[in-house]
Engineer: 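This is the structure I have questions about; it appears just below.
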Amino acid sequence: MLITIDTHSGFCFGVTRAIEAAENELQKGTLCCLGDIVHNGQEVKRLELLGLQTIDYDDLRTLPAHSRVLLRAHGEPPSTYWIAQQRGIEIIDATCPVVKKLQDRIRACYEEHRNDEPLPPQIIIYGQPGHAEVIGLQGQTNNTAIVIESIDQLDRIDFTRPVYLFSQTTKSVEGFHALVDAIKSLISNHKSQIVPEVHDTICRSVANRVAQLQDFARANDLVIFVGGAKSSNARVLYNHCKEANGNTFFVSNADDVENFKFEIINHKSTNPDLKIGICGATSTPLWLMKQVRDKLTNLQPITSDH
Ligand code: SF4
């Protein structure tokens, strides 16, 4: 039996950077993180054992002066920095540089066009309403940006007014292109002269993963996908894996492998050269995939009392 961990799976650059910042800062003393540092309960638990305290916005407003708060890779709206400044809180800013650049672009667009006459502009963000990164992006426009998640929400846009389109970094490239086509066709239906300004701001470190993941899934007989139960990115990538290889199983931790023990041992008994691939989401830590690998390696045959 050959077990391989997908080298493209696991934390993206931005999340790795935020976690390294947390580990470094924890050595200097008490540290809070505004929201879960990553959508993976196991990794959050690991960092909490090192002393990281996860807080929410209500906590932020009541923290004593000089508290240290880490901002995760998703980024934050300007109001968070303002609250911290008012309360004398020290910010450790681990916003991913890709997200930071996107925030700057949206803010620059907002500042440049906010007073345009006679047709006030509309900044559209293709993203998931309420997602932490999207809240940070909307904040750059004084919360005037319109968040669109799918084509059927396009009736919220006035196609007689200028349109500036951006995307949350983790949305799908296909979904974005479909949205752009739909916007252009609606503008033409309205016989409007508006030319939408389109900014493809999808992060390729995630977008390129689907094809790589599907290649990996096809190259193995059986796939164990490791992801957080609450992570939407994990669910999406798991479904892509399953599409490429029907023998794909979702686990959140090494113990979950027990749930699929029968199938795995069954495959192994009919194929001594069984190839098992382990992969995960952008929020799945490498150490967790290694624990799953160790569990698989030590998997004992099922005895009659199981
Ligand atoms: S997905 Fe891309 S933009 Fe988002 S945190 Fe990771 S590296 Fe940064």
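One-based numbering, in listed order, for ligands and for the atoms of each. Please read these numbers as outputs of a predicted model, since none were measured by experiment.
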Engineer: Apply ring pair (Phe, Tyr, Trp, His ring centres under 6.0 Å) to H190 and list each qualifying residue two or more places apart in sequence or on a separate chain.
Structural biologist: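 Residues passing ring pair (Phe, Tyr, Trp, His ring centres under 6.0 Å) with H190: F159.
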Engineer: Which residues pass the side chain to side chain donor-acceptor pair (under 3.5 Å) test with Y164, sequence neighbours left out?
Structural biologist: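 If we apply the side chain to side chain donor-acceptor pair (under 3.5 Å) test to Y164, skipping adjacent residues, the hits are H113.
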Engineer: Measuring from R161:CZ to Q122:CD, what's the distance to the nearest 0.5 Å?
Structural biologist: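 Between R161 CZ and Q122 CD, I get 4.0 Å after rounding to 0.5 Å.
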Engineer: Is there a side-chain contact (heavy atoms from CB on, under 4.5 Å) between V198 and F166? Walk through the geometry before answering.
Structural biologist: CA-CA 7 Å; V198 174; F166 295 86; over 6 Å; no
Engineer: Using side-chain contact (heavy atoms from CB on, under 4.5 Å), reason through W287 and E43 one step at a time and then give a plain yes or no.
Structural biologist: CA-CA 9 Å; W287 62 262; E43 181 66 359; 2.6 Å; yes
Engineer: What residues join V195 in its hydrophobic cluster, counting side-chain heavy atom gaps under 4.5 Å, either direct or through other members?
Structural biologist: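 Result for V195 is none, singleton.
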Engineer: What is the number of protein N, O or S atoms that sit under 2.8 Å away from atom 8 (Fe) of ligand 1?
Structural biologist: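 Protein N, O or S neighbours of atom 8 (Fe) of ligand 1 under 2.8 Å, waters not counted, come to 1.
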